[in-house]
Amino acid sequence: MDKSKGFMKALRCRECAREYPLRADHVCEFDFGPLEVVYDYDRIKATLSRSLIESREKTMWRYRELLPIVGEPSVGVEVGYTPLIRANNLARRLGVRELWVKNDAVNYPSLSFKDRVVSVALSRAREMGFTTVACASTGNLANSVAANAAAAGMQAYVFIPADLEHSKVVNSLVYGANVIGIKGHYDEVNRLCAEIAGKFGWAFVNVNMRPYYAEGSKSFGFETLEQLGWRIPQHTVACMASGSLLTKIHKSYEECIQLGLVPSTPYKIHGAQATGCAPISNAHKAGLDFFKPVKPDTIAKSLAIGTPADGFYSLKVMQKTGGSAEDVSDNEIREGIRMLAECEGIFSETAGGVTVGVAKKLIENGQIPRDESIVLSITGNGLKTLDAVMGHLGRPREIKPSLREFEALVKNESRGAKSAAI
Amino acid sequence: MASSRQNTGKTTTKAGTASKSKTPTKKATTAKKQSTSASAKKKRVGQRSSRQEKSQSSRLWLMYPTRLITKPIIWQLGRKFDMVTNVRQASVTGEIGIVCLELEGNRTQIDEAIKWLERQGIRVEPVEINVLDA
């Protein structure tokens, strides 16, 4: 075994398949296609087994042979293995037989699935000798980089649009990261960040570390399969921002089939977007294999990417697995958040409302049969997007400090409930 | 971005260039430099002030709306800004044109060229596409 590579073989262009050394790089020199990590699956197969995985700590690193690090993880060692819960109440509400919720709203430490990708990127960055990490983000990614870098003792630069809501900035500032607000519209901020990433010798998690970073999402899929008792759900619904999560869930399922960890059974992966930013969903519904960029206008800010980098590959995955794509309005997103909270006690951010809302639509229009197994991917915590539901949940009823008044209130309510039942 | 990763085997050619190849290449990964003639007489933007600046290259995805697909935008860009333009990948359908372009020039030229492209109605993204993540 080459100790400098671990179980990885090379970086490979997803377009032309040219291979590159395992360095901090993300674009093919020939056609500018994105690079992806490829592994030595024969060696992994000879090493990895269900029993070995099950003997390890309950974190995402129990699948470490399939993650792009050489040695032991050094950042985010507690990340992952979030609950997969059997959502019977929500199943009843949606009228389906078998429904599961994979809940990354409680992922450690920053309460979103981004902790998976960031801990992989930072662990890899550290073993490559980087001491400064960076990212450009409007939300969860920024929080996760700031938190994980702080815990790892690494210097972090977080670039944000200067007009970002203060509540979101606080979630990065608190960890002591260097938070830099950039004035300008989205495209200008985007281009400047790409330039900064190219100029400074930092580990920019979603730029030069992207091939490693993106692989972290696979752990979401590995855990789902293991927690289901080593089987593939017939339907997985994943929200799409850049589309990376959906493609990596697919990759994780395929890797587990290839390694003999799960039997090969038919499955479909469905994509969920907000109607106010649905380039991938629109393209899929129109039967196109390319998407048209859009200007985002949705409360689902964590999915608001108008030109999704993995949009094309997401379309391919949905096409290949026979999955569907749908999108939901802001009101349907709020309804999805509420439904998940009321039925399962899980308060999801807006992206989760998108996933639940889209699943409901796909069930109602028959694209997800009611008697098949379904997994919903919940990617972030509702406490991060309180603004989205504020003012839409009613207000607490108020009474004077009087027992009599409270008794009257209860009486009125039970009377109201009875008449409603009649 | 809806990139030339969107290539579907549909007609794919160099979008918006001045070249009029009759045979569309299936997947245009050609690297044709389209520098303009040094003797071009037209006024070139940013030329004087920026000549002394260091030359650099910028890797971009350009997305053409339908109305601009047939326009020789890259040829115009090269002439107007006196820059080296190098198409690395491209895909054209009836609705959209996508070009992966390497621009070589000084900082001022590149900035002005991008602004000009945006004024024409072309969406310009870095090669990484959405660096600014959610």
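Lettering of chains follows the sequences in order, A, B, ..., and the numbering in each one begins at 1.
The CE atom of B:Met63 sits 9.0 Å away from the CZ atom of A:Phe290 when rounded to the nearest 0.5 Å. With values rounded to the nearest 0.5 angstrom, A:Arg191 atom CZ is found 8.5 Å from B:Ser58 atom OG. To the nearest 0.5 angstrom, B:Asp133 atom CG is 11.0 Å from A:Ser144 atom OG. Atom CG of A:Asn206 sits about 12.5 Å away from atom CD1 of B:Ile129, to the nearest 0.5 Å. Atoms CD1 and NZ, on B:Ile96 and A:Lys292 in that order, are 6.5 Å from each other to the nearest 0.5 Å. Within the model, atoms NE2 of A:His26 and CD of B:Glu128 stand 3.5 Å from one another, a figure rounded to the nearest 0.5 Å.
B:Gln56 places a side-chain heavy atom less than 4.5 Å from the side chain of A:Glu195. At a threshold of 4.5 Å between non-hydrogen side-chain atoms, the residues A:Phe32 and B:Leu101 do not count as touching. Using a 4.5 Å heavy-atom cutoff, the side chains of A:Leu288 and B:Glu95 are in contact. Within the 4.5 Å cutoff, the side chain of B:Cys100 has no heavy atoms near those of the A:Asp31 side chain.
Atom NZ of A:Lys285 sits in a crowded spot, with more than 12 heavy atoms from other residues, nucleotides or ligands closer than 6.0 Å.
Looking at A:Ile305, only its side chain comes within 4.5 Å of chain B, counting heavy atoms on both sides. For a residue to count as touching a neighbouring chain, one of its non-hydrogen atoms must lie under 4.5 Å from one of that chain's; by this rule A:Ala194 touches chain B with backbone and side chain alike. In this structure, chain B has a heavy atom under 4.5 Å from the side chain of A:Phe204, while its backbone stays farther away. Interface residue A:Asn190: backbone and side-chain heavy atoms are both found under 4.5 Å from chain B.
Across A:Gly243, A:Cys135, A:Ser137, the residue that shares the most heavy-atom pairs under 4.5 angstrom with chain B is A:Ser137.
Under the 4.0 Å criterion applied to side-chain N and carboxylate O atoms, A:Glu29 and B:Arg88 are not assigned as salt-bridge partners.
Between B:Glu125 and A:Thr307 the shortest heavy-atom distance is OE2-OG1, 2.9 Å.
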